[in-house]
Amino acid sequence: MDAIIKRYCPRIEFDSYEDMKENFTINVPEDFNFGFDVVDAWAEIEPEKQALLWTNDAGDMKRFSFADMKAGSNRAANFFKSRGIRKGDYVMLILKQRPEVWMCFTALHKIGAVVIPASFQLTPHDLVYRLNAAGVKMLVTVDDADIIQHCEDSLSQCPTVESYAVLGEHIPANAIDFAKELAAQSDVFERPTGEGATKATDTMLLYFSSGTTGMPKMVRHDYSHPLGQITTARFWQCVQENRVHLTQTDSGWAKFAWGKIYGQWICGACVGAYDTEKFTPHGMLEAIQRLRPCTFCAPATIYRFLIKEDLTKYDFSFIEHASLAGEPLNPEVFNQIERQTGLRIHEGFGQSETSVLLANFPWMEIRPGSTGKPSPIYDIDLLDEDGNPCEDGIVGSICIKNTDKKHPVGLFREYWKDPDAMARSWKNGVYNTGDTAWRDADGYYWFVGRNDDVIKCSGYRIGPFEVESALMEHPSVLECAITAVPDPVRGQVVKATIVLARGYEPSDGLVKELQNHVKHATAPYKYPRVVEFVDELPKTTSGKIMRTAIRARDMQKLREQQK
């Protein structure tokens with residue numbers, strides 16, 4: 001048991017949060033490579049150990065052992081090499097949750113090539129920017145009609161892309177048949193030596209940030225990053241060896257690294273995968289029944305949709321631990337999930353740039369609305385605008401210090417090719433996440449919002465999350481976003497953009513009811529003076545609400561009115 005994790009962590013059992021925070025450490029070998037040292041290592045120790053349990057909307061089920069993953073990733077590595085992919089080359093994957101995505105990640109790690117995961121929701125504009133910015137040499141996608149069309153519309157503008165492969169049955173004339181080529185490859189791939197070998201500090205993974213403001217930044221992770229995800233999987237998600245863990249996410253964003261491959265496989269868990277073409281609450285609930293995960297993690301958006309369903313019709317008895325990250329969870333959603341399922345959600349916080357930074361760990365009492373306490377591998381503090389530590393109760397920026405000049409395991413290395421972003425985010429060895437929170441007297445952190453999301457109204461500073469939490473308590477609200485709109489007297493006022501739950505219709509009476517509800521649920525000055533009902537909220541490809549898009553749309557309306 002714990003055969004792999006013990007190679008990198010001298011101690012993995014603790015008596016308390018304080019014990020873990022003080023004594024947990026990770027040893028990073030200079031030549032650590034996840035493909036060989038985790039996937040292939042499990043295949044040697046326990047070849048039939050379950051690595052992946054997969055299902056789709058049709059209810060199909062597939063199982064893959066670590067021996068299967070070793071063989072499949074070796075074939076994929078040989079395929080990539082046959083097409084000229086070498087150490088240091090950049091390969092973009094748009095593979096949803098096909099089983100091959102796990103093989104491709106592992107294969108590219110073995111070669112030393114750089115993986116760029118991408119969402120299936122990207123437009124041609126998005127693709128052209130990303131392919132050119134990173135100098136991508138090869139693109140691999142599923143045979144989704146929209147994705148293929150977007151690629152066809154983009155590739156002529158992307159001179160660095162030399163190869164284009166498609167997985168599925170419908171292969172364009174100018175594309176490589178990925179499945180056919182894969183099947184023809186050898187399942188033997190020797191670990192490179194000499195100049196072809198990888199080091200822990202080499203570039204392994206490149207994520208494009210969600211891009212809620214401006215063009216997305218390129219987040220560069222090295223080969224030590226999977227070891228940083230041990231804290232995510234072991235101590236926050238609480239995955240168990242030989243049991244299924246399900247994090248619901250597309251392979252194209254960083255929650256895949258958090259919840260569907262690195263820490264989970266290091267801990268010996270079986271990754272659950274629901275490869276859905278379009279999210280629906282019913283489909284998600286049915287997939288959970290088939291996969292029967294022991295541990296479950298999902299973004300706030302999914303939980304918000306699930307509570308509007310009759311959860312009493314479903315069995316959740318097999319889930320022993322539930323968690324959430326991506327956005328903070330409103331206390332009302334937390335309470336409804338607990339009432340309907342008995343599950344208490346352990347919230348966590350982090351970014352594409354990190355592993356879990358703050359979390360509700362097993363030894364802690366959960367305080368609904370709090371994102372928990374700092375991870376043991378990071379030195380985290382709240383700093384004011386001048387870089388000074390904030391006292392308890394004072395809102396500050398969540399920052400990571402490079403203690404003793406040692407780069408924390410799991411933290412990104414740089415915003416690649418973006419010195420301006422580095423200058424804004426890194427100062428005097430401190431990384432400023434750009435997110436704000438306050439800390440209570442017991443050391444719990446309470447998320448407030450992005451620095452640019454905080455509303456300044458008549459001298460008050462209002463965090464969007466607290467107003468959204470109040471609105472979510474009202475049964476008419478399915479989703480909501482709080483933003484600022486300009487006001488000649490107050491500077492800014494609070495605006496609520498709301499998606500209504502089934503059975504509710506927009507009306508002036510409902511507006512007044514929601515405003516009064518907020519006045520009673522929180523400080524009266526925080527109530528939304530402007531309310532807009534919409535069919536859906538703008539979101540990034542990773543599912544986060546884009547408040548910047550709402551603000552931009554409102555400013556455009558204001559400019560048109562002033563003409």
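Quick note: residue numbers are just sequence positions, from 1.
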Do [X] and [Y] touch side chain to side chain, with heavy atoms closer than 4.5 Å?
X      : Y      : answer
Leu93  : Ser251 : no
His407 : Tyr431 : no
Cys158 : Val128 : yes
Ile377 : Ser355 : yes

Test side-chain hydrogen bond (donor to acceptor under 3.5 Å, both in side chains), reference Tyr274, set Asp57, Thr247, Thr55, Thr249, output is Asp57

Residues [X] and [Y] bridged, charged N to O under 4.0 Å:
X      : Y      : value
Lys539 : Glu479 : yes
Arg83  : Glu181 : yes
Lys110 : Asp40  : yes
Lys87  : Asp202 : yes
Lys217 : Asp420 : no
Arg191 : Asp37  : yes

Aromatic centroids of [Y] and [X] separated by under 6.0 Å:
X      : Y      : answer
Phe105 : Phe34  : no
Tyr90  : Trp416 : yes
Phe66  : Trp265 : yes

What residues form a salt bridge (Lys or Arg N to Asp or Glu O under 4.0 Å) with Arg98, not counting sequence neighbours?
-> Asp275, Glu277

Can you tell me which residue pairs pass the salt bridge (Lys or Arg N to Asp or Glu O under 4.0 Å) test with a partner in residues 290-301, sequence neighbours excluded?
-> Arg292-Asp315

Classify the side-chain pair Thr201/Asp222 by whether it contains a donor and acceptor separated by less than 3.5 Å.
-> no

Residues two or more places apart in sequence or in another chain: which of them pass ring-ring contact (aromatic ring centres under 6.0 Å, His included) with Tyr207?
-> none

Contacts of type side-chain hydrogen bond (donor to acceptor under 3.5 Å, both in side chains), residue His321, not counting sequence neighbours | His346

Got a sec, which residues hit side-chain hydrogen bond (donor to acceptor under 3.5 Å, both in side chains) with Asp435, two or more places apart in sequence or on another chain?
-> Gln351, Arg450

Residue pairs passing the side-chain hydrogen bond (donor to acceptor under 3.5 Å, both in side chains) test where at least one lies in residues 131-144, sequence neighbours excluded | Asp89-Lys137, Lys96-Asp144

For ring-ring contact (aromatic ring centres under 6.0 Å, His included), just list the numbers for His109 and Phe32, CA-CA rounded to whole Å, side-chain angles, deciding distance to a tenth of an Å, and then say yes or no.
-> CA-CA 10 Å; His109 296 341; Phe32 177 76; 9.7 Å; no

Result of checking Lys70, Glu48, Glu46 against Ser65 for side-chain contact (heavy atoms from CB on, under 4.5 Å) = Glu48

Relative to the ring of Phe36, is the ring of Phe189 parallel (under 30°), tilted (30 to 60°) or perpendicular (over 60°)?
-> parallel

Checking side chain to side chain donor-acceptor pair (under 3.5 Å) for the pair Asp60/Asn56: CA distance, chi angles, key distance, verdict?
-> CA-CA 6 Å; Asp60 300 325; Asn56 60 8; 3.0 Å; yes

